[in-house]
Each structure stands twice: as C-alpha cells, then as structure tokens.
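Accompanying notes for the structure given below.
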Amino acid sequence: MTAVLSRATSTAEVPAQPFEVRPFDAPVGAEIVGLDIAEPINAADFQRIHRAHLDHHVLVFRDQRITPAQHIDFSRRFGPLEIHVLHQFQLKNHPEILIVSNIKENGEPIGLGDAGVYWHSDISYKPHPSLGSLLHAQELPSEGGDTLFADQHLAWEALPAELQQRILPLKAEHSYLAKYEELRAKNPWRPKLSQAQIDQVAPAVQPVVRTHPETGRKALFVSEHFTTRIVGLPQDESDALLAELFAHSVKPEFVYRHRWAPHDLVFWDNRSLMHLAAGTPDHLRRRLNRTTIVGDTPF
C-alpha cells in the first residue's frame, strides 16, 4: 500500500477516490464509506474530508487497514502532532502514537488502560489544546468498549440565555493532574509522573465558552476530567457552576455512542466535542492507536 501523501507533496496528479459521507441518525457524527486512507488522497478529496469533519465533528472511516506510519501521515495533514506526556505508552518507533489498551504483557500494561473514564476534551490542559484526535482500532473486545461523544455546540445553544450571558466572559483552569492520583489509586499500574512530566503539564486557563476557529460556532469548554475551577469565583460558587455545566453538557440529546467495528478509524474535533470511554470488561482485550493534532489558543 502507498502511504498518504504529506502536506509538502503535490496531490494534483492523484486520482479521486469515490467515497460517501453518511450522517448518523444521531445528534452528531458521520461515517466515511469507500475511502482508503492507505492510498494517496488528492486535494479535492481532502477538502471534502475536512469539510465533513467541520460539519459533523466526528468521522468514522470504516475498515482502514493502515500501518502506524500511514495513520501518522494522514493525521499530520491536519496539523502538527502532539507527543503525549505518558511516554511510557508511546508506540515503539512512533512516538506520535499513544497506545490505548487494557492489555498487559509480562505483568506490565502496554498502553493507557483507563483513558477517557471521565468526560473530557483532549489536551485541554495545555495552552494549545488539541484540534482533533484519531483513534484506530487494533483489537476489540466482544462486548463493551464503546466511546461516547457529546456535541458542545448543541450544549451551548441549549443553555438558557441568562446562563449563556453569565458564563460567556468567564475563564476556567484546566489541569492534567486534576484526577491523576485518583486514577492511580484505582489503577496502580498508571505510572507515577516524574518532575519532568509534571513540568510539561502545568495548568492552563481557558475560556469557559470557546469559539471554533474555523466555523465561528460557540461551544462549552469545561470538563469533569480536567477543569478544576472558574477563575475569580469563590470555590463553592465555582464548584456549583461547574457541576451544573458538567451535567448539562452530556445530556443524551447531545450524545452519539460509537460501537466499534474492526479497523475503524475515528477522527473527532476536540474543539466541538467531549468524549467518554464507556468501559471494557477486565477479562477482554482492547487496543487502539491514537494520534492527536495540536490546535491553537482558544478564544
């Protein structure tokens, strides 16, 4: 199979691939049928994919038999890639890929087994949170393992006008460490962070309501996993407001539940969505490879 062309490579001579964008019967999401990411993708087809991603926020590319290098190449067409702070779970020779897995080999975890147990937007704890993430199924359990996506544009639009006006000027602190020790207590295999790792994830302050840089749509941008406080509010008032927003933001009418199929590649927009791992029974194996695209400063 030929690797996807890089940004620097001309796609003028690459033939079009016939593919369909099929919206889900759900509040958010669409599947891409007929596209082979292992083959070159020309500029016009790439623009269709980009537009579909902006319109539907989560895209499911079916039956993608791609290598890690092809996964990285396709991801990189959308922007530079994040290197996750948990270097222990990087794929060998491919640091851009984080292994998401509950599998243990020789008594040691091969990947991050409890990724996504709280609703969140990836890398919201950095000054430049993620544009999007691409998760590729490697090994799936016979039951469980679903991923839920909540549309934060819909969540914002459904808020009462007076609450919208109250929160529009507010900012909140996001911290990678917010629930880290709580997760380590439940899963002792989760690595203790070195000081160097802690230094990489200093807390960041983000707008409570962010504007999508490409579409101009507003979205809620707080999460139970990483948001610790509303800046400038007393702690009890901050806690109450965040609890209200957390509960509102994941109402069923905003959520698409993805049931994984073999070789699915799922690409979601972290500027528009939060996501949650529904969980996998401990005795069943699950493994996926994730790339994450660096975004810009929220506003």
Heavy-atom donor-acceptor pair, Asn102 side chain to Leu284 backbone, under 3.5 Å: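 Looks like yes, one N/O pair under 3.5 Å.
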Sidechain-backbone polar pair: Ser101 side chain, Gly113 backbone, donor-acceptor under 3.5 Å: no
Return a table of donor-acceptor pairs under 3.5 angstrom between the side chains of residues 156-167 and protein atoms on other chains or two or more places apart.
{"from": "Glu157", "atom 1": "OE2", "to": "Arg217", "atom 2": "NH2", "distance (Å)": "2.9"}
{"from": "Gln164", "atom 1": "NE2", "to": "Trp156", "atom 2": "O", "distance (Å)": "2.8"}

Among Arg259, Gln64, His258, side chain to side chain donor-acceptor pair (under 3.5 Å) partner for Asp264: His258
Thr291 and its side chain to side chain donor-acceptor pair (under 3.5 Å) partner, picked from Glu96, His71, His94: His71
4.5 Å side-chain heavy-atom contact, Asp122 and Glu82: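 The answer is no; the side chains never approach within 4.5 Å.
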Leu134 side chain reached by His136 side chain, heavy atoms, under 4.5 Å: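 Side chain of His136 against side chain of Leu134, heavy atoms only: no contact under 4.5 Å found.
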Separation of His263 NE2 from Leu140 CG (nearest 0.5 Å): 8.5 Å
From Pro213, Ser121, Pro129, residue fulfilling side-chain contact (heavy atoms from CB on, under 4.5 Å) relative to Pro298: Pro129
Could you check whether [Y] and [X], counting side-chain N and O atoms only, form a donor-acceptor pair closer than 3.5 Å?
{"X": "His84", "Y": "Thr292", "value": "no"}
{"X": "His153", "Y": "Ser272", "value": "yes"}
{"X": "Thr228", "Y": "His174", "value": "no"}

Remaining members of the apolar cluster that contains Trp119, side-chain heavy atoms under 4.5 Å: Leu148, Val250, Val255, Met274, Leu276
